[in-house]
Every structure is written in structure tokens, then in C-alpha cells.
Amino acid sequence: MSKLGSLGARLHRGEVSYDFIGHRKLWYGISILITITAILGLAVRGLNMGIDFQGGAVFTTPKNTHVSVSQAEDAAAAASGHEAVVQKLGDGSLRIQIAGMDTQQSDQIKDDLAKDFDLNPESIAADLVGPSWGDQIANKAWQGLAIFMILVVIYLAIAFEWRMAIAALVALIHDITITVGIYALVGFEVTPGTVIGLLTILGYSLYDTVVVFDSLKEQTKDLTKQTRFTYSEVANRSINGTLVRSINTTVVALLPVAGLLFIGGGVLGAGTLNDISLSLFVGLAAGAYSSIFIATPLVADLKEREPQMKALKKRVLAKRAQAAADEELADSRGGFGGDPEDATPAVVGPRDQSGPRSRRRPSGKRR
């Protein structure tokens, strides 16, 4: 068995553990700091909305156009006065996107590009994209997000309880906020692929959270009938028991996404992969973090406010205090004379002579 598998088995059995719940204020502080940074980035820099949301023109050159991407970007920026997004397609043609263009401007830009590329203007295809289509996508995305959130809350409230539903909802909002904020800070273009990626990460984030919640539900059955563990301690055991599973699932999901983002988009220059791969990469990492450090500690906080759990905590702590006092008293008695056997009080009174080693001779004469 590998070291990670052995660690996972020991975590599941409770032989080793890390106190995630006990340090929940630290995790809350880190999450609040990251969320504030994301919101500030979104407020200051804003999102770099793509042509599908702003509207503009898309120019496609003929096959095997002998112009580099950087040259095309410079030529398009000079002709339009706006930053252009240029992509090299598989057949050697160029796809040039310029936002905020109308019909008259696109005709002039088309002629300028043909002159710079030494091409016939008729060989360059120009398509206008209106912002209304992007607005429809955004509205549908918001509707889908709202419906998804409502269904998640209803399902978790029925399958588990309302406190877990609230914690899962907070974790989902946390993941979306961080992902959108990083998009604003990095400056990647927001496209329909980005919207798809944002909706996709909700499922991954919810999966990790439900795995921990299912273990927590199983371990808290008849919890108030015992006096060994509090709810927070059982919640911490649930996190540790599913920790390696969550890590393995997240790493396996992140590897192909990282390949798309860093190799496909960074090394190979396939910029069309950046929009969806960045949202998936950040969302998967944030989802794994929130399920461990946000959702479960928040459930423990909410449950510990219940009168039954407060009473259970008092009983557990009282029993532990009594056990500690008894142990301290036993240690003090045992260490008084050095050897515990020396501290045993002597027997006062006549000895019992009826044992097997002491045979009393019966009275009277032997016959």
C-alpha cells in the first residue's frame, strides 16, 4: 500500500487526524480575505467581456495566410483603435475579433486589413455580432444558476438538513465569487465558454461537500445517546475520514484541466481554451477548499448552537473533567510511597485462616 493510501486508512480509522474544526476561525479569515480581494478586483478592473457580450466584428482571412498572430494584432489595433483578439486556425487562416464595431467601421477595417496583409478585400469574411445574443446567454446563465441553487438547497434540506443546505449554499457562492474575481484580476476574456465552466464547477464543488456531509450524517446517528464525542469532534473525524478521497478526486480532475490551461493555452497558444480552462481550474481548487474548510466547519458552528448539542457538549466535557480528576487522584496516591503496592493499606483484624495454605488442626484427640 502506498504512503498516501496508508495515511488515508489511518485517517479513516481515526488513528491520526488534524483539527480542521478547531482552527475554523483561521479558515474563515483566509476565505474572507480571498473573497474581499476577488470583489475588489472585480470592482476595480471589471471583467473583460468578449465579443459575444459586447458586440463587434469578426474577420476571417483565407487559408494559409502568411501573417503571424502578433503582426495581425498590431495591424487590427492600428486599423480599429481597439485591442484585437487574433487566433491562428488549423487551416492557416486567422480569426480576428474586434469588439465595439458597427457596419461602417467594419467595412473600413476590412479594407485596411486587406491592404496590410496584401490580400483581396473580398477574400476576407466579415461577420457582425450583436450584443443582444450575449445578453441572452448571460440571462439564461443567471436563470440556470438561480434554479440550480434553489434545487440544491431543497435537495440537501431533504436528504440531510437545512443547516447543511445553508453551508453548501455559502460554499457555492464562495467558489463562484473567487472564480469570477480571479477572472477580473487575470484579465482573461469572458466568453460563453466561461459561463459553461462556471456552471460546471458547481457540480464538482457540491460533490465534494456532499461526500463529507454523507459521512457526517452517518457518524452522528444517535449522537446524543453517548458522552464520548461532541458534534464538532465527529465533524472533524468526517473531514479526516474523507480527506484523502477528496484530494485524490480533485487532483485527478485538475490534471487534464491544467493541461488545457498551461500547455494548450500557454505553451501551444490555443487562446480559445483559456476561457473555460481557467474557470474549471480555479473552480475545482476552490470547491475542494470550501468543502473542507468552509462547509463542514460552518455546519458544526450551526449545530453547536442547538440546545441538545450544547447539553451534549457539557456532558462530554464534564465526563472528561471527572476522568482527569480521577486519574490525577490515582496518580497522587500511587506516587506517594513510590511503589503503588506500598500504598496499599494494611489489613486490620485477624487473618482468615481458612485458606488452602493454613490448615487448622481440629480440636480433640487424634484417633
Subject >> Heavy-atom neighbours of Asp326 CG exceed 12 at 6.0 Å >> reply: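 Atom CG in Asp326 is crowded, with more than 12 foreign heavy atoms closer than 6.0 Å.
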
**OP:** Count the heavy atoms belonging to other residues, nucleotides or ligands that lie under 6.0 Å from CD of Gln226, then report whether that count exceeds 12.
**Re:**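 More than 12 heavy atoms, drawn from other residues, nucleotides or ligands, come within 6.0 Å of this atom.
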
Using side-chain heavy atoms (C-beta onward) and a distance below 4.5 Å, is [X] in contact with [Y]?
X: Thr191; Y: Thr194; value: yes
X: Phe281; Y: Leu254; value: yes
X: Phe148; Y: Leu199; value: no

Salt-bridge present ([X], [Y]; N to O < 4.0 Å):
X: Glu306; Y: Arg163; answer: yes
X: Asp112; Y: Lys115; answer: no
X: Glu233; Y: Arg228; answer: no

State the [atom1]-[atom2] distance between [X] and [Y], to the nearest 0.5 angstrom.
X: Leu280; Y: Leu261; atom1: CG; atom2: CG; value: 9.5 Å
X: Ser205; Y: Ile173; atom1: OG; atom2: CD1; value: 11.0 Å
X: Leu113; Y: Ile96; atom1: CG; atom2: CD1; value: 5.0 Å
X: Ser80; Y: Gln108; atom1: OG; atom2: CD; value: 11.5 Å
X: Leu206; Y: Phe213; atom1: CG; atom2: CZ; value: 9.0 Å
X: Lys303; Y: Leu298; atom1: NZ; atom2: CG; value: 13.0 Å

If we ignore hydrogens and angles and just use 3.5 Å, is the side chain of [X] paired with the main-chain N or O of [Y] as donor and acceptor?
X: Thr61; Y: Leu94; result: yes
X: Glu304; Y: Ser232; result: yes
X: Arg320; Y: Arg315; result: no
X: Arg45; Y: Leu185; result: yes

Side-chain heavy atoms under 4.5 angstrom apart, residues restricted to Ile, Leu, Val, Met, Phe, Trp, Tyr: same cluster for [X] and [Y]?
X: Leu243; Y: Val251; value: yes
X: Phe59; Y: Leu119; value: yes
X: Ile154; Y: Val170; value: no
X: Ile294; Y: Val211; value: no

Subject >> Heavy-atom closest contact (Thr209 atom, Ala295 atom, distance) >> reply: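 That closest heavy-atom pairing would be CG2-CB, 3.8 Å.
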
Subject >> CA sep, side-chain torsions, deciding dist, call: Asn139, Gln143, side-chain hydrogen bond (donor to acceptor under 3.5 Å, both in side chains) >> reply: CA-CA 6 Å; Asn139 292 333; Gln143 293 176 9; over 6 Å; no

Original post:
Should the pair Arg24 and Phe293 be classed as cation-pi, given the thresholds of under 6.0 Å to the six-membered ring centre and 45° from the axis?
Top reply: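 So Arg24 doesn't make the cation-pi contact.
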
Subject >> Parallel, tilted or perpendicular, as decided by the 30° and 60° cut-offs, for the rings of Trp27 and Tyr18 >> reply: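 Aromatic pair Tyr18/Trp27 classed tilted.
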
**OP:** Please say which of Thr179, Ile176, Val195 ends up in a side chain to side chain contact (heavy atoms under 4.5 Å, CB included) with Ser279.
**Re:**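 When side chain to side chain contact (heavy atoms under 4.5 Å, CB included) is applied between Ser279 and each of Thr179, Ile176, Val195, only Thr179 qualifies.
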
Subject >> Residues Ser291, Tyr207; criterion side-chain hydrogen bond (donor to acceptor under 3.5 Å, both in side chains); working and verdict >> reply: CA-CA 9 Å; Ser291 64; Tyr207 171 78; over 6 Å; no

Original post:
Ser332 and Glu328: side-chain hydrogen bond (donor to acceptor under 3.5 Å, both in side chains), yes or no, with the steps?
Top reply: CA-CA 6 Å; Ser332 63; Glu328 183 179 356; over 6 Å; no

**OP:** Walk me through it: do Ser246 and Asp208 pass the test side-chain hydrogen bond (donor to acceptor under 3.5 Å, both in side chains)?
**Re:** CA-CA 6 Å; Ser246 299; Asp208 284 338; 4.5 Å; no

Subject >> Test salt bridge (Lys or Arg N to Asp or Glu O under 4.0 Å) applied to Asp222 and Lys225, step by step >> reply: CA-CA 6 Å; Asp222 300 327; Lys225 297 180 180 180; 3.8 Å; yes

